[in-house]
Amino acid sequence: MDFTVGLETPFSLDYTLESGQVFRWDNRGEWWYGVVSGGVVKARQEGDTLRCVTSSDRHDSSFMRAYFRLDEDVELVYASIAKDDLLRRAAQRFYGMRLMSQERWECLATFSLATNSNIPRIRTMVSQLCRRFGRPLQFEGAEYHAFPDPEALAAASPQDLRECGLGYRAPFIRHIAKCLDEGGIDLGEVALFDYEQAREALLSKLLGTKVLLGVGPKVADCALLFSFGKDEAFPIDVWVLRALLEHYPELLGTGLGRRLAKDEKPRLGRGDYLRVSAAAREKFGAYAGYAQQYIYAMSRSGP
DNA sequence: TAGCAGGAAAATC
DNA sequence: GATTTTCCTGCT
């Protein structure tokens with residue numbers, strides 16, 4: 001399909017796809033190429049329209065509107081979160097950057113690979129996983145690969161997964177795949193819960209005793225924010241933590257703040273993570289996740 | 001709860 | 001080239 005989508009509210013395709021929430025989009029010249037929900041999408045922004053060429057009829061205008069969350073007005077988000085100097089500058093600097101709505105399984109699986117890693121590496125790992133286990137897709141004479149289904153990764157041998165460069169993360173993603181494939185965990189049901197309940201479910205405090213290996217509070221928050229529509233989720237990675245230390249030390253509390261300020265490589269333990277992210281939700285409100293995304297972008301873009 | 005290991009790519013020195 | 005860092009979690 002070849003179509004354009006009208007952009008009635010501020011949107012930046014570049015800032016959105018470069019914001020570290022997705023790993024399967026490539027910028028090649030004038031176009032971005034992505035593999036999304038079992039199809040290939042080529043997109044580019046032309047002023048206040050988004051031009052899309054897709055491999056499948058399922059990926060139509062309403063699909064893309066939902067994927068990029070274009071029916072929401074990010075100006076309302078700015079009105080809600082841009083209440084201090086840092087966030088006002090962030091909203092200007094990354095004007096139009098959006099949270100997206102990804103596929104839940106892919107998002108959860110991908111972020112379980114993100115521990116002790118970096119964005120280029122996560123892209124490599126996911127790309128190899130898809131090439132080896134994903135369904136092949138044809139688009140404009142080239143071959144692409146869908147993100148593998150849980151069944152495919154549940155059936156994969158640990159050795160095969162390791163050969164995708166996953167290292168010690170290989171058992172994590174395989175275990176998550178098994179839980180979804182045969183363990184009776186339905187992410188669609190989890191999405192119906194409110195934020196707190198959904199997080200508890202992913203952290204295995206609900207839905208029986210299944211433990212999703214490799215899913216701690218940070219990975220759970222990323223999945224909830226990027227694919228479950230939980231805009232109050234506030235993932236704290238090393239970049240956000242550095243920004244909190246510099247700009248929002250009150251969220252850490254004096255004791256923790258002092259300790260981390262001395263540390264060369266500040267990290268949050270599980271208990272501290274939960275306390276600080278709760279404080280951030282309290283401070284930034286219903287769009288705390290948007291605040292996090294802009295703080296993250298500012299933190300990574302340097303001073 | 002604190003401390004540590006973990007595999008390998010990427011960034012930095 | 002060697003060393004350090006990397007969108008952290010699991011285990012002890």
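We use all heavy atoms of the structure for the numbers below, so side chains are in, but hydrogens, waters and symmetry mates are not. Naming: A, B, ... by sequence-line order, numbering from 1 per chain. Computed from a prediction, not measured in an experiment: that's the story for all the values here.
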If you compare every side-chain N and O of A:Thr124 against the phosphate oxygens of B:dA10 (OP1, OP2), does one of them come in below 4.0 Å?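 Yes, because at least one side-chain N or O of A:Thr124 sits under 4.0 Å from OP1 or OP2 of B:dA10.
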
So, is A:Arg123 close to the C:dT6 phosphate, meaning a side-chain N or O under 4.0 Å from OP1 or OP2?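 So the side-chain polar atoms of A:Arg123 never come under 4.0 Å of the phosphate oxygens OP1 or OP2 of C:dT6.
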
Could you pick out which residue, A:Pro120 or A:Thr115, lies toward the 5' side of DNA chain B when each is mapped onto its nearest nucleotide?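 Result of the comparison: A:Thr115.
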
With DNA chain B as reference, determine whether A:Arg162 or A:Gly271 sits nearer its 5' end, using the nearest nucleotide of each.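 Closer to the 5' end of DNA chain B: A:Gly271.
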
If I take atom [atom1] in residue [X] and atom [atom2] in nucleotide [N], what distance separates them, rounded to the nearest angstrom?
{"X": "A:Leu108", "N": "C:dT9", "atom1": "CG", "atom2": "C1'", "result": "13 Å"}
{"X": "A:Lys218", "N": "C:dT9", "atom1": "NZ", "atom2": "C1'", "result": "12 Å"}
{"X": "A:Leu129", "N": "B:dA8", "atom1": "CG", "atom2": "C1'", "result": "15 Å"}
{"X": "A:Lys265", "N": "B:dA5", "atom1": "NZ", "atom2": "C1'", "result": "12 Å"}
{"X": "A:Asn116", "N": "B:dG6", "atom1": "CG", "atom2": "P", "result": "12 Å"}
{"X": "A:Arg267", "N": "B:dG3", "atom1": "CZ", "atom2": "C1'", "result": "11 Å"}
{"X": "A:Arg270", "N": "C:dG10", "atom1": "CZ", "atom2": "C1'", "result": "10 Å"}
{"X": "A:Phe172", "N": "C:dT9", "atom1": "CZ", "atom2": "C1'", "result": "5 Å"}

Under 4.0 Å, counting only non-hydrogen atoms across every strand here, what does [X] touch: a base, just sugar-phosphate, or nothing?
{"X": "A:Ser19", "value": "base"}
{"X": "A:Val240", "value": "nothing"}
{"X": "A:Gln21", "value": "base"}
{"X": "A:Ile236", "value": "nothing"}
{"X": "A:Pro235", "value": "nothing"}
{"X": "A:Gly269", "value": "nothing"}

P gap between B:dA9 and C:dG10, integer Å: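 Going atom to atom, P in each nucleotide, I get 23 Å.
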
Between A:Tyr78 and A:Tyr294, do the side chains contain a donor N or O and an acceptor N or O under 3.5 Å apart?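 The answer is yes; a qualifying pair exists.
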
Among side-chain atoms of A:Gln102 and A:Glu106, is any donor-acceptor pair under 3.5 angstrom?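 No.
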
Between A:Trp239 and A:Arg242, is there a cation-pi geometry (under 6.0 Å to ring centre, at most 45° from the normal)?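 Output yes; distance and angle both within limits.
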
What about A:Arg121: does its side chain form a donor-acceptor pair under 3.5 Å with the base of B:dA8?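 Checked by distance alone, the answer is yes.
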
A:Phe111/A:Phe172 aromatic ring centres below 6.0 Å: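 Ring-ring flag for A:Phe111/A:Phe172: false, centres at least 6.0 Å apart.
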
Donor-acceptor contact present, side-chain A:Gln45 to main-chain A:Phe11, <3.5 Å: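 Side chain of A:Gln45 to backbone of A:Phe11, a donor-acceptor pair under 3.5 Å: yes, one is there.
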
